[in-house]
Amino acid sequence: MLPFFKTMATNSPDYNFTEIESTWQKYWEENKTCAAEEAQDKEKYYILDMFPYPSGAGLHIGHPEGYTGTDILARYQRAKGKNVLHPMGWDAFGLPTEQYAIKTGKHPKETSEINIKNFRAQLQKLGFYFDYDREVNTTDPNYYRWTQWIFLQLFKRGLAYVDKRPVWWCEALGTVLANEEIVDGKSERGAHPVVRKNLRQWVLKITAYAERLLEDLDELDWPDSTKRMQKAWIGKSTGANVTFGLENSDETLEIYTTRPDTLMGVSYMVLAPEHALVEELTTAEQKDAVQTYANTAAAKSDLERTELAKEKTGVFSGSYAIHPITGNRVPIWIADYVLVSYGTGAIMAVPAHDTRDHEFATQFEIPIVQVIEKADKSADAEATELPYTGDGVLVNSGEYDGLDWQVAKEKITESLSTEGKGKATTQYKLRDWLFSRQRYWGEPFPIAWVTKEDYIAAVASGDLAGHLPDEPVVYTEEGVSHYALPIPTKALPLTLPDVESYEPAGTGESPLAKATDWLEIWYNYESGEYVPASQDKPEGEKWLRASRETNTMPQWAGSCWYYLRYVDPTNSEAIGDPEKLKYWGVPDMYVGGAEHAVLHLFYARFWHKVLFDEGVVPTSEPFTKLFHQGIILGENGQKMSKSLGNVVNPDDIIKDYGADTLRLYLMFLGPLEAMKPWNTKGIEGTFRFLKKVWRELVGQDGQLNEKVNADFADSKETDRLINETIKKITEDTENLRFNTAISTMMIFANHLQSLESVSLNTAKSFVQLLAPFAPHICEELWKRLGSDKTVTQAPWPQVDESKLVVDEIKVVFQVNGKFRGQTMVAKDATQDDVLAIAMQEPRVTAQTDGKTIRKVIYVPGKILNIVAN
RNA sequence: GCCCGGGUGGCGGAAUCGGUAGACGCAGCGGACUUAAAAUCCGUUGUCCGCAAGGACGUGGGGGUUCAAGUCCCCCCCCGGGCACCA
């Protein structure tokens, strides 16, 4: 079904961008020109932008940068005949809206709606090819019921658990934050101070997927830097767990090391202050010192324990470990440079080959034993300076002396393993994902907390079979155990209750803790129905006394799977129709900022893999191809910010120059991935370009410019240039090199201007090439060039290779590598032919006279270099 | 400290299987049109020497490989990003 062209869009003889843009935006909207088809037999192209958080401030210039890039690709792929899906949505849960609610008492939902409306209007004014019928909104109960559903799949698979753990508590925000939300020891949002606090938290077992998250990176077409960051985040290392005996205890001390080859260089051991054996291993004389030290360490934040720690601290425990090979006594120290949360929380210290141990040993005057020496034994080789952490061979290591350290690593591990004193192990820096927030404006957990007895009864009923984890999720508080029951799928969504105040409860709990009738309930575990606990218990065995979860999910939850929902946004039976999920698959291109390199992009990969394991999605990775757009800086080269007063508002630019000029300029500024400063003067260039294109194609009467002629035969030069232009723009567009594509179009426009006449076909091809970049003006021009369909539906121009063939090529003359003139020669000219011509050139002979020609290098089509002296 | 990315005219940036450095645009300068302005068009614009033709120099700095280096190799400086006691 082709949209019918009712009237000419506008009839202004001038480039009236305001009128043109609003006319065509209305046309696209009414005719759903940008909607994806449900044509399962057509090749699809799914292109995705990272959806925005609809803030009250509206769009800033950074949003249109990435979105223009994807819009160009979407329109280009559409012209290439693909069924294009390019959707947009709203990541609308989040703190700023909630804080606004605290301040004004206005429901966050209302604020979100206003902001979304504003964002949508702003985006539409930029002419983006979004399929607005597929909009998703993470705060819509019809959306977040599936966020909750996915959580229940994690729950069922034992990937969600509750733990009381030290977490980052931010007093100013009234909530805990994830590790990733802490930057330089302060909250990422607002830079408020954070402290460690023990709170009951939901945690997702992302570590269970560490290896797959690492391995599958290889198959992704992502920027290397982003892959590297994820790799570093996972932080895989291989080494060995080694068991040391203890001098006065039956217990053993297990440590993790990546350098078992340095085992003979151990001169002391270190336990983290929180290590379970600290108490037992502390001798009576050392008790006070150790206790004081442990207390001080506990009071320190991680920031103080790491970044601010200029000097190593520690205290001797009084005890000794037994070296597994030599049987020597090794003193055991307590020091907070060892982290309890990594490895076994204890290390063997080899000061000669570890910079941290070296620093510590120097400070506390502990012996340093070198066991690795540089392999280079040549005379001028420098002596091995300690600490030395590079390659080498073993020394002072008995039977292992002379072995390469890599080989020794294996041999020693093997030998320990045989004796039952150690084994090869792998460690990851990755920690489980702290998944709860003490906020109102987030997804409620679809969980009911019940007593142990009620849990057992509910399980025994069999009603929840297939929905429960193997091990119950449980926590104990004030001597009472609480067991987690999943809310049945049919009872989802569990919606947020209305509350009177959005202030945090101040107890470390969210504002939901105050919604008593929602929180304390009679609950039917089979149907999910509930009534407030203040009422009478309904009849029936399946009704239990239960409490809701007061935590809500973090903002990452909704963005973990939104790319799936666009495929089938209104489905009420499932995340999406399996057929549609299969047809659209995952995005062919995902564009967004590099700031999400390890957060959103990592969490989404995890959830996607769980959904893959669950059989919901057919692939194991969500984003196979990723591109990061850069950042647009203020005119002064600094980051745009209100306080610096260098913020550029897209609305203002559109008003003065139009959306097409803005789009073009954003792309012309430089490579899409680069960080580049905005320059208000520079936009004149792209504006002039569009005015020029308009003038060359539209006459003063508003009709087609008379230089455009259907019967005109273009010159060979014009033929070649338009085909070169098609070729270059096609290649550049595919590779997101929009800046050079635009220069190419400018070159063509300059040529067009110099012509007396041009063929209609060439003019049309040019308009088509420009259309993805500046769609409004091109629709208008396309119409005036006499087409009855929109340019959006015109097939992309083909390169006529025969027009690119040339019979003469340019050769540059060089003497001793320096430019000395140039000439056109037949393309099959030989070196001798070209040399003969070159020797006629005074600039060449001036350099060769009186010299002997030693050598001639001829690169056909490029250069002729005469070497003479 | 470690790991990446990057330094090219007055400015944004082109050009990297080694082959005319500075495409395209901005800003500047000169000119045309105009009563004037806007808009538009033409010319010019890396630096230095030269009336010119032309020559020398030139891609952060220093060395090297090559007939030829912005591009490859070694050392160093500066800017941006990431990680940061993970044993």
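Each chain gets a letter, A, B and so on, in the order the sequences are listed, and its residues count up from 1.
Within 90° of 0 lies the glycosidic angle of B/G9, which makes this nucleotide syn.
Taking the P atom of each, B/C48 and B/U40 are spaced 31 Å apart, rounded to whole Å. Annotation: B/G43 and B/A37 have their P atoms spaced 22 Å apart (nearest Å). Between the P atoms of B/G12 and B/C83, the separation comes to 28 Å (whole Å). Straight-line distance between the P atoms of B/A68 and B/G19: roughly 14 Å, to the nearest whole Å. One C1' atom belongs to B/U47, the other to B/G58, and the distance between them is 7 Å to the nearest Å. The same atom, P, is picked in B/G50 and in B/G61; the two are 26 Å apart, to the nearest Å. The separation of B/C33 from B/A69, taken at their P atoms, amounts to 49 Å, rounded to a whole angstrom. For B/A84 and B/U45, the C1' atoms lie 49 Å apart once the distance is rounded to whole Å.
Among the atoms of the strands shown, only primed sugar atoms or phosphate atoms (P, OP1, OP2) are found under 4.0 Å from some heavy atom of A/L669. Within the 4.0 angstrom heavy-atom criterion, only backbone atoms of the sugar-phosphate kind lie near A/P671; the bases stay farther away. Within the 4.0 angstrom heavy-atom criterion, only backbone atoms of the sugar-phosphate kind lie near A/N739; the bases stay farther away. At the heavy-atom level, A/T744 lies nowhere under 4.0 Å from the strands shown.
Residues A/K681 and A/E635 share a closest heavy-atom pair of N-OE2, 4.4 Å. Across every non-hydrogen atom of A/A349 and A/Y337, the tightest pair is CB-OH, 4.4 Å. Shown here for A/T830 and A/Y858, the closest heavy-atom pair between the two residues is C-CE2, 4.1 Å. A/L601 and A/L626 get closest at one heavy-atom pair: CD1-CD2, 3.7 Å. Of all non-hydrogen atoms in A/I334 and A/V270, the two that sit nearest each other are C-CG1, 4.4 Å. Considering every non-hydrogen atom in both A/M269 and A/V266, the closest pair reads SD-CG1, 4.1 Å.
Looking at the side chain of A/T740, the nearest of the listed nucleotides B/C41, B/C3, B/A14 is B/A14. Ranking B/C4, B/C85, B/G25 by closeness to the A/F668 side chain, first place goes to B/G25. Checking B/G19, B/A87, B/A23 against every side-chain atom of A/S743, the shortest atom distance belongs to B/A23. Of the candidate nucleotides B/A87, B/U40, B/G13, B/U40 has the atom lying nearest to any side-chain atom of A/K691. Comparing atom distances between the A/K681 side chain and each of B/C26, B/A14, B/A87 picks out B/C26 as nearest. Comparing B/C85, B/G19, B/A27 by their closest approach to the side chain of A/R688 singles out B/A27. Comparing B/C42, B/C26, B/G13 by their nearest atom to the side chain of A/Q753 picks out B/C42. Each of B/A87, B/A39, B/C24 was ranked by its minimum atom distance to the side chain of A/I747; first place goes to B/C24. Distances from the side chain of A/Y342 to the nucleotides B/G13, B/C4, B/A87 place B/A87 closest.
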With 3.5 Å as the limit, what N/O pairs link the protein to nucleotides 76-83 of chain B?
none

With the criterion being N/O to N/O and under 3.5 Å, what pairs connect the protein with nucleotides 53-56 of chain B, and how long is each?
unit_1: B/G55; atom_1: OP1; unit_2: A/R820; atom_2: NH1; d: 2.9
unit_1: B/G55; atom_1: OP2; unit_2: A/R843; atom_2: NH2; d: 3.2
unit_1: B/A56; atom_1: OP1; unit_2: A/R820; atom_2: NH2; d: 3.4
unit_1: B/A56; atom_1: OP2; unit_2: A/R820; atom_2: NH1; d: 3.4

I'd like a table of atom pairs between the protein and nucleotides 66-71 of chain B - only N or O on both sides, under 3.5 Å - with the distance next to each one.
unit_1: B/C67; atom_1: O2'; unit_2: A/N865; atom_2: ND2; d: 3.3
unit_1: B/C67; atom_1: O2; unit_2: A/N865; atom_2: ND2; d: 2.4

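Atom CD of A/E684 and atom P of B/C11 are 21 Å apart (whole Å). Spacing between atom CG of A/N750 and atom P of B/A23 amounts to 13 Å, rounded to whole angstrom units. Atoms CD (A/E673) and P (B/G12) sit 17 Å apart, rounded to a whole Å. Spacing between atom CG of A/L672 and atom C1' of B/G5 amounts to 16 Å, rounded to whole angstrom units. If you take CD of A/Q700 and C1' of B/A39, they are 12 Å apart, rounded to a whole angstrom. As rounded to whole Å, 13 Å separates atom C1' of B/G19 from atom CD1 of A/I809. Remark: P of B/A14 and CG of A/D732 are 11 Å apart, rounded to the nearest angstrom. In this structure, A/I729 atom CD1 and B/A23 atom P are separated by 19 Å, rounded to whole Å.
For A/S237 and A/Y256, the side-chain atoms include at least one donor-acceptor pair closer than 3.5 Å. If you check the side chains of A/R431 and A/S341, you find a donor sitting under 3.5 Å from an acceptor. Side chains of A/Q230 and A/R605: a donor-acceptor N/O pair is present below 3.5 angstrom, by distance only.
Heavy-atom contacts from other residues, nucleotides or ligands closer than 6.0 Å to CD of A/E410 number 12 or fewer. Counted within 6.0 Å of NZ on A/K851, heavy atoms from surrounding residues, nucleotides or ligands total more than 12; the atom is thus considered enclosed.
Here A/F360 and A/W333 bring their ring centres to under 6.0 angstrom of each other. Taking the six-membered ring where the residue is Trp, the centroids of A/W694 and A/F689 are separated by 6.0 Å or more.
In terms of modelled atom types and a separation under 3.5 Å, the side chain of A/R663 and the main chain of A/P772 share a donor-acceptor contact.
When the side-chain nitrogen and oxygen atoms of A/R737 are compared with OP1 and OP2 of B/A14, none of them lie within a distance under 4.0 Å.
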Indicate every side-chain donor-acceptor pair of residues 740-749 of chain A with a distance under 3.5 Å to a residue at least two apart or in another chain.
unit_1: A/T740; atom_1: OG1; unit_2: A/D732; atom_2: OD2; d: 2.8
unit_1: A/T740; atom_1: OG1; unit_2: A/R737; atom_2: O; d: 3.2
unit_1: A/S743; atom_1: OG; unit_2: A/N739; atom_2: O; d: 3.0
unit_1: A/T744; atom_1: OG1; unit_2: A/T740; atom_2: O; d: 2.8

Checklist outcome for this item: Given Watson-Crick and G-U pairs under 3.5 Å, RNA chain B in dot-bracket ([ ] crossing, | other strand) is (((((((..(((......[....))).(((((.......))))).((((....))))..(((((..]....))))))))))))....
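Of the two residues near RNA chain B, A/G670 and A/G343, the one whose nearest nucleotide lies more 5' is A/G670. Between A/T686 and A/D357, the one whose closest nucleotide on RNA chain B sits nearer the 5' end is A/T686.
Interface remark: the A/K312 side chain does form a donor-acceptor pair with the B/C85 base, using a distance-only criterion of under 3.5 Å.
Residues meeting the salt bridge (Lys or Arg N to Asp or Glu O under 4.0 Å) test with A/E731, sequence neighbours left out: none.
Salt bridge absent: A/K692 and A/E696 never bring a charged side-chain N and a carboxylate O closer than 4.0 Å.
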